[in-house]
Structures are given as C-alpha cells and as structure tokens.
Amino acid sequence: MNWLAAAGTFAGALAVYPLAISGLGRMGLRQVERSYLPQSHLSKIGTPTAGGIVFVIAVLAAWAVVARDPAGGLVAGAAALGCGAGLLDDITKVRCGEGVRFRPKLLLLAVCAGLLAVGVFATSATTQIVPGLGPRDLGLLGLALAGFAILGTANAANLTDGVDGLAAGCGIPGLSACAALAMLEHRPELAVTCACLAAALLAFLFFNRPRARVFMGDAGSLAVGLALAVAAIEVGALVLLPLLALVFVAEAGSVIIQLSHVRLTHGRRLFRASPIHHHFEKGGMSEWGIDFRFWAVAILAAALATYWAWSAGLPGGAR
C-alpha cells in the first residue's frame with residue numbers, strides 16, 4: 001500500500017507542477033536578485049519560486065487519504081508549518097527585496113520547533129536509538145534535544161537550497177530511510193507519509209534539476225527540514241539525525257566555520273564562499289557536478305544511518 005501511495009503522490013505532483021509553475025509566476029512569486037549570490041545565478045532571476053507549496057500539499061493529501069495516523073500527521077504537519085513560515089519569507093523577499101529579518105525568522109522557527117518537539121513526545125516518541133546502547137528512553141532530555149534538532153535541521157536545509165536540485169536531492173534519501181525504518185518497526189502508516197513526501201520531492205526534482213524551472217523557496221526548504229527532523233525522531237533516530245541529514249549539517253557547519261574563521265583572522269576566508277556548495281561553485285564545478293557528489297554523500301549517509309539503527313535494535317521493531 002505504501003509504495004502504491006508513494007507512486008500515486010509522485011504521479012499527482014508530477015502532473016500538477018507545470019500548472020503550479022505558471023501560477024506561481026503569474027502571482028509574482030519569482031526569484032529576486034540577492035547581493036551575495038554568485039554571478040552565475042543572475043540568469044535565474046525571475047524563475048518562479050515557492051514551489052515547495054505543491055509537494056507539501058501532496059503529502060498532506062496523501063496522509064489524509066491513506067494514513068491518518070498521529071505520527072504521520074506530525075510529519076505532514078511539520079511540512080505544513082515549515083511551508084507557512086517559509087512562504088511568509090518568500091513573499092517578503094519578492095515585495096521588499098529581502099526576506100524576514102534573521103531574529104524574527106529564528107524566533108518563528110523556534111516556536112515551530114518547540115510545538116513539534118512537544119507533539120512528537122506526546123505521541124510517545126521518547127525512546128530513541130543510542131548507538132552502542134540500543135533504544136533508550138531519553139525523557140525530558142530528549143524533548144530538549146528534539147527541539148534543538150528540529151530547529152537546526154530546518155535552518156540547515158534552508159542554507160542548502162542554493163543550487164538547483166541540491167536540497168530536494170539531499171532530502172529524499174533521509175526521508176526514504178525514515179520510511180524504511182518505520183516499516184521495520186511495523187508502522188506502515190508512518191512509512192506511507194515519509195515515502196509520499198520523498199516521492200513528492202522526487203517529482204519536484206524533475207522541474208528543479210539544473211537548469212531549474214522552479215525553486216522550492218523557503219516554503220520548501222523549511223518544510224523539508226522540519227519534516228525530516230520530525231520523521232527521524234518518530235522512528236527513534238534522533239541521535240542519528242546528523243547522518244540522515246549529513247549534507248544539511250555540513251552546509252550549516254561550513255557557514256559557522258567560515259564566520260568564525262573570518263572573525264578570528266580579521267577578515268580572511270577559509271572557503272571561497274559559504275555555504276560549502278558555493279565554495280565548489282566558485283571553484284568552477286558545475287551545478288550537476290555538485291548535485292551528483294552531494295546526493296551520493298546523502299545516499300551513503302542515509303544508508304549507514306539505517307543500518308546502524310537496525311543493528312542497534314529498533315524501538316518496536318525486530319533486528
């Protein structure tokens with residue numbers, strides 16, 4: 001059932017996207033010039049953005065029709081929350097040239113992360129896999145870690161969305177791994193939701209691959225980050241989230257390292273640009289080259305996380 005649902009979600013999103021792209025363009029939701037972007041990105045100005053709306057609606061519909069379970073509902077709800085927060089930022093960028101300021105945006109995401117952390121633990125997702133120790137009930141510590149992980153993953157996914165196809169292609173392996181872990185834990189409804197979101201992202205990727213016809217915008221990147229973090233926590237993989245979202249973590253880490261190095265060395269840069277995908281882009285690597293390498297890392301990391309979780313003993317599942 002989950003594979004049929006995922007196939008249906010993929011086909012539906014694939015059919016809707018051409019119409020959605022035209023609609024987003026007519027509404028004026030188009031990429032605007034940003035001062036920090038590489039020169040090669042100037043040709044992308046005017047491309048429709050906020051395309052994440054479609055894959056979020058697709059997963060909400062799939063959950064409502066096929067799953068209707070609390071855990072899957074939180075994953076779909078996380079995507080919807082991220083989409084709403086991101087859409088506000090996308091609209092502000094189009095109208096004002098710059099998005100919502102950093103602190104208000106961070107506060108909004110922190111509220112979303114806090115609500116989702118309470119939600120996942122209200123569904124009894126307190127037992128998490130700890131490598132080397134197996135499943136452990138983390139209690140209130142897990143609640144705090146969940147809030148931090150959800151907030152961090154959302155911001156990291158947002159930073160990754162800077163090259164055509166990158167964020168979507170790196171989000172699919174992590175969500176697919178969560179679907180596989182949910183199946184191993186005998187939770188088919190949660191697996192359906194994760195698989196459908198991965199399938200909807202794959203449909204989006206058909207139109208977002210270089211050279212993109214549509215961008216996911218913050219409406220999409222924040223949705224992917226929040227949903228992936230919640231899905232990982234629901235399957236007991238909170239501690240393994242840095243592997244499931246390895247590229248996202250590396251992208252955010254490169255920004256932190258770059259800023260720290262600039263401050264410590266009074267202006268000297270460690271990377272040509274950050275996030276790290278811009279470092280490779282300024283070094284002459286094509287967008288396809290960046291995508292293939294980063295996708296490969298994401299796939300391998302997600303596969304390792306899945307194996308590690310299975311070998312450690314899954315909450316509610318069999319080794």
Could you check whether any side-chain N or O of [X] sits under 3.5 Å from a backbone N or O of [Y], counting only pairs where one atom can act as donor and the other as acceptor?
{"X": "H279", "Y": "R272", "result": "yes"}
{"X": "N208", "Y": "G165", "result": "yes"}
{"X": "R187", "Y": "E234", "result": "yes"}
{"X": "W310", "Y": "A305", "result": "no"}
{"X": "D89", "Y": "V100", "result": "yes"}
{"X": "N155", "Y": "L151", "result": "yes"}
{"X": "Q258", "Y": "L270", "result": "yes"}
{"X": "Q128", "Y": "G142", "result": "no"}
{"X": "Y17", "Y": "G51", "result": "yes"}
{"X": "H261", "Y": "R268", "result": "yes"}

> Looking at CZ of R213 and CG of L24, how far apart are the two atoms once the value is rounded to the nearest 0.5 Å?
Replying inline: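 Between R213 CZ and L24 CG, I get 12.0 Å after rounding to 0.5 Å.
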>> Return the CZ to CG distance between F55 and L202, rounded to the nearest 0.5 Å.
In response: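 Reported to 0.5 Å precision, the distance equals 12.0 Å.
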>> Applying the side-chain contact (heavy atoms from CB on, under 4.5 Å) criterion to V75, which one of T193, V120, V235 satisfies it?
In response: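 Going through the options one by one, the only one that passes is T193.
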> So among V262, I256, I257, V255, which one has a side-chain contact (heavy atoms from CB on, under 4.5 Å) with L259?
Replying inline: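 Answer after filtering V262, I256, I257, V255: V255.
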Are any non-hydrogen side-chain atoms of [X] and [Y] less than 4.5 angstrom apart?
{"X": "L243", "Y": "W308", "value": "yes"}
{"X": "C83", "Y": "L222", "value": "no"}
{"X": "I276", "Y": "F294", "value": "yes"}

> So D90 and T49, side chain to side chain donor-acceptor pair (under 3.5 Å) or not? Walk me through it.
Replying inline: CA-CA 8 Å; D90 289 332; T49 189; 4.8 Å; no
>> Tell me whether the rings of W295 and F292 are parallel (<30°), tilted (30 to 60°) or perpendicular (>60°).
In response: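 Rings of W295 and F292: perpendicular, as their planes differ by over 60°.
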> Do you reckon L74 sits in the same ILVMFWY cluster as F121, going by side-chain contacts under 4.5 Å, direct or chained?
Replying inline: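 Both belong to a single hydrophobic cluster.
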> At their closest point, which heavy atom of E287 faces which heavy atom of P210, and how far apart are they?
Replying inline: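 Closest heavy-atom pair between E287 and P210: CB-CG, 3.9 Å.
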>> For R293, I'd like to know if atom CZ has over 12 heavy atoms of other residues, nucleotides or ligands within 6.0 Å.
In response: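 Open.
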>> Quick test of your reading of the model: are K44 and D164 salt-bridged, counting only N-O distances below 4.0 Å?
In response: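 Yes, charged N to carboxylate O under 4.0 Å.
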> Does the side-chain contact (heavy atoms from CB on, under 4.5 Å) test come out yes or no for L29 and I91, once each step is laid out?
Replying inline: CA-CA 7 Å; L29 286 169; I91 292 172; 4.0 Å; yes
